[in-house]
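The analysis underlying the following values was restricted to heavy atoms, covering all of them including side chains, and did not include hydrogens, waters or symmetry mates.
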Amino acid sequence: MPFNLIFTDDAARQLHDLEFHKKKKDLGKLKKVRRCLGLLQTDPKYNGLYSHKYEEKEGLRGEDVWESYVENRTPGAWRLFWFYGPGPNEITILLISPHP
């Protein structure tokens, strides 16, 4: 059963910026972000996402935060930061951003 994706205000704003401030390079990023979101929704443990626990952040209520790769082997590669919940079969997207 696929997960329902919930976006924090920051994540929603980041996705909106990619969608509506269209520069040629942003269109490529947007495609990669959408692909990553689709894979995450279907299977957060999908090998190509390289999902792993991200120790430097906590969720909104102290949840374990995970990092998934939007890009790999790219300078300033983008990542998704997310956690399971708040409800069953839900994933909350915290950030969509270049790797810190």
Side-chain angles (χ1 to χ4, degrees):
M1 181 171 178
F3 286 86
N4 182 34
L5 298 181
I6 299 168
F7 294 82
T8 62
D9 290 343
D10 286 340
R13 189 172 23 262
Q14 291 156 341
L15 185 58
H16 180 271
D17 287 349
L18 281 175
E19 289 174 334
F20 294 103
H21 297 116
K22 295 179 179 169
K23 298 177 198 160
K24 190 170 185 172
K25 67 177 183 171
D26 289 346
L27 292 176
K29 287 281 188 247
L30 178 59
K31 183 177 178 180
K32 291 176 185 179
V33 167
R34 285 183 176 162
R35 179 181 179 280
C36 186
L37 288 169
L39 290 170
L40 183 66
Q41 186 173 22
T42 304
D43 180 8
K45 296 178 183 174
Y46 178 76
N47 284 337
L49 291 174
Y50 300 99
S51 296
H52 59 278
K53 207 178 284 188
Y54 190 71
E55 302 295 334
E56 286 82 27
K57 287 190 181 289
E58 287 185 343
L60 303 175
R61 294 182 185 97
E63 301 92 344
D64 289 337
V65 169
W66 296 79
E67 174 183 13
S68 295
Y69 287 30
V70 172
E71 301 173 301
N72 195 9
R73 298 185 183 111
T74 303
W78 280 52
R79 303 288 191 256
L80 290 180
F81 296 92
W82 56 275
F83 62 88
Y84 290 102
N89 295 321
E90 292 181 332
I91 289 177
T92 299
I93 309 297
L94 283 171
L95 291 171
I96 304 167
S97 68
H99 190 274

At what distance, to the nearest 0.5 angstrom, does CG of Leu40 lie from CD1 of Ile91?
4.0 Å
Might you work through the side-chain contact (heavy atoms from CB on, under 4.5 Å) test for Lys32 and Trp78, ending with a clear yes or no?
CA-CA 9 Å; Lys32 291 176 185 179; Trp78 280 52; over 6 Å; no
Heavy atoms only: give me the nearest Ser97-Gln14 pair and the separation to one decimal.
CB-NE2, 4.4 Å
Considering only heavy atoms from C-beta outward, does the side chain of Leu95 approach that of Lys57 to under 4.5 Å?
yes
Within-4.5 Å side-chain heavy-atom neighbours: Ser68 and Tyr46
no
For Asn89, does the CG atom sit with more than 12 other heavy atoms under 6.0 Å from it, leaving out its own atoms?
yes
State the CZ-CD1 distance between Phe83 and Ile93, to the nearest 0.5 angstrom.
9.5 Å
Decide side-chain contact (heavy atoms from CB on, under 4.5 Å) for Val70 and Leu80; before the verdict, give the C-alpha distance in whole Å, the side-chain angles of both, and the deciding distance to 0.1 Å.
CA-CA 7 Å; Val70 172; Leu80 290 180; 3.9 Å; yes
Separation between CD (Glu56) and CZ (Phe81), nearest 0.5 Å, reads 9.0 Å
Are Val33 and Ile6 connected, step by step, through hydrophobic side chains (Ile, Leu, Val, Met, Phe, Trp, Tyr) whose heavy atoms are closer than 4.5 Å?
no
Interatomic distance, CG@Asn4 vs CD@Gln41, rounded to 0.5 Å, equals 7.0 Å
Transitive ILVMFWY cluster of Tyr50 at side-chain heavy atoms under 4.5 Å: who else is in it?
Tyr69
May I ask you to decide if Tyr54's main-chain N or O and Glu67's side chain share a donor-acceptor pair within less than 3.5 Å?
no
Which residues share a side-chain hydrogen bond (donor to acceptor under 3.5 Å, both in side chains) with Asp10, sequence neighbours left out
Arg13
pair Leu49-Pro44: side-chain heavy atoms closer than 4.5 Å
no
Which heavy atom of Glu71 sits nearest to which heavy atom of Ala77, and what is that distance?
OE1-CA, 3.5 Å
Describe, in one word, how the ring planes of Tyr84 and Phe3 are oriented to each other, choosing from parallel (under 30°), tilted (30 to 60°) and perpendicular (over 60°).
tilted
For Lys53, side-chain hydrogen bond (donor to acceptor under 3.5 Å, both in side chains) partners two or more places apart:
Asp64
So does Lys45 get a backbone contact from the side chain of Ser51, meaning a donor-acceptor N/O pair under 3.5 Å?
no
So do the side chains of Phe7 and Leu37 get within less than 4.5 Å of each other, counting heavy atoms only?
yes
From CG (Leu30) to CZ (Arg35), nearest 0.5 Å
14.0 Å
So do Glu19 and Arg34 actually touch side chain to side chain, heavy atoms under 4.5 Å?
yes
Between Thr8 and Ala11, is there a donor-acceptor pair closer than 3.5 Å when you use the side chain of the first and the backbone of the second?
yes
